[in-house]
Amino acid sequence: MKIATWNVNSIKARKPRILDWFDDAKPDVCVLQEIKCVDDAFPAGDFEERGYNVFVHGQKTYNGVALLSKHPVEDVIRGVPGFEDEQSRYIQGTVFPEDQEPIRVGGLYMPNGNPAPGPKWEYKLAFMEALTRHMEESLEDEDAFLVAGDYNIIPTAEGVYDPIGWKDDALFRPEAREALRRMLNLGLTSAVPTLLHEPYYTFWDYQGGAWKKNNGLCIDHILMSPEAADRLEEAGVDADARDPEVGNGDTKPSDHVPVWATFE
DNA sequence: ATGGTCGTTACACGA
């Protein structure tokens, strides 16, 4: 079973590229971030005709997340439990494959947090704390659980092309890296680094020719509970999706690329 | 040397 995450930066602007990727990558489950539309504006039909059940936690202009699954989904949650939030940044559901054990899948769009310090940074700190608490509570159930998405956190210096230049950025500040380590210390494991033993990026800014210079960041992650990690088979990053020369030339790429993992 | 991001929205903001 293949589970993917992708910050698409507008479902409307990106639709042809997204559908091409779905037809090629064929994820069983995919969480999308920054869909930038309300629930009713999400093009559910395009995914339903490909066999997906569609769950949306939308928001106009900013944010918005979705959960797509070829398998039945139950217990859908919108928003981080216990965290009052006007912004649509989290969706979760329990996926029931026909011939495998179920797995709870969370789709995350963490606040960016810039500029730091300031109210946006404070919001990010509060969100990270609430998400950590939700992860901790979820782990008590001791079943397969993962949170995939745009964490907006660079884990280590290997995850940024210019660590010194980014040291005060909300994506790389010590408090953000600490928050991610706190999640890992709960017992969660990051899927891609477990199997890919080299640095990698998942985001390249639109500005400054970042893609051509490979000025990337590693900010999209899949964190797995021990029970999910035990079932991990493969994991990867579809970096080609960032290349304007590859794929649908009429549609510009997202600044993020899909990150995925497969489970037995 | 020149211009040098994108998406949504509306003439600015967030990333």
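Here is how names work: the chains are called A, B, and so on, in the same order as the sequence lines, proteins then strands, and each is numbered from 1. A quick note: this is a predicted structure, and the numbers were derived from the prediction, not measured.
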Can you pull the contact range of chain A along DNA chain B, 5' to 3', using atoms under 4.0 angstrom from its heavy atoms?
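Using the under 4.0 Å cut-off, the span is B/dT5 to B/dA15.
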Of A/G209 and A/Y109, the one whose nearest nucleotide on DNA chain B sits closer to the 5' end is A/G209
Go nucleotide by nucleotide along DNA chain B from the 5' end; which of A/N112 and A/K12 gets its closest nucleotide reached first?
A/K12
Sorted by first residue and then second, give each side-chain hydrogen bond (donor to acceptor under 3.5 Å, both in side chains) pair with at least one member in residues 38-47 of chain A; sequence neighbours left out.
A/K15-A/D46
Can you confirm whether or not the ring centre of A/Y90 sits under 6.0 Å from the ring centre of A/Y109?
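Ring centres of A/Y109 and A/Y90 not closer than 6.0 Å.
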Taking the [atom1] atom of each, how far is [N] from [M], in whole Å?
N	M	atom1	result
B/dG7	B/dG3	P	22 Å
B/dC11	B/dT5	P	22 Å
B/dT8	B/dG4	C1'	22 Å
B/dC13	B/dT9	P	16 Å
B/dA1	B/dC6	P	24 Å

Is A/R177 close enough and on-axis enough to A/F172, meaning under 6.0 Å and within 45°, for cation-pi?
yes
Would A/R14 count as a cation-pi partner of A/W6, with NZ or CZ less than 6.0 Å from the six-membered ring centre and within 45° of the ring normal?
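Because its charged atom misses either the 6.0 Å distance or the 45° angle limit, A/R14 does not stack over A/W6.
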A/V73 vs A/F55 side-chain heavy atoms within contact, under 4.5 Å:
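Yes, side chains in contact.
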What I'd like to find out is whether the side chain of A/L139 reaches to under 4.5 Å of the side chain of A/P226, using heavy atoms alone.
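Yes. Closest side-chain heavy atoms under 4.5 Å.
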Write down the atom of A/V29, the atom of A/S69, and the distance for their closest heavy-atom approach.
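In this case the closest contact between A/V29 and A/S69 is CG2-OG, 3.8 Å.
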Salt bridge (Lys or Arg N to Asp or Glu O under 4.0 Å): pairs with one or both residues in residues 93-105 of chain A, sequence neighbours excluded
A/R104-A/D141, A/R104-A/D143
Please check if any side-chain donor atom of A/Q87 sits under 3.5 Å from a side-chain acceptor atom of A/Y62, or the reverse.
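The answer is no; no qualifying pair exists.
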With a 4.0 Å heavy-atom cut-off, tell me which residues in residues 149-158 of chain A come close to DNA chain B, sorted by residue number.
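The answer is none.
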Can you pull out the residues from residues 166-174 of chain A that lie within a 4.0 Å heavy-atom distance of DNA chain B?
none
Heavy atoms only, 4.0 Å cut-off, all strands: where does A/R89 land among base, sugar-phosphate and nothing?
sugar-phosphate
Could you tabulate the donor-acceptor pairs under 3.5 Å formed by side-chain atoms of residues 153-163 of chain A, not counting sequence neighbours?
from	atom 1	to	atom 2	distance (Å)
A/T156	OG1	A/E158	N	3.3
A/Y161	OH	A/W166	NE1	3.2
A/D162	OD1	A/G165	N	3.1

Carefully, step by step, assess A/D255 and A/R242 under the rule salt bridge (Lys or Arg N to Asp or Glu O under 4.0 Å).
CA-CA 6 Å; A/D255 40 4; A/R242 183 62 183 84; over 6 Å; no
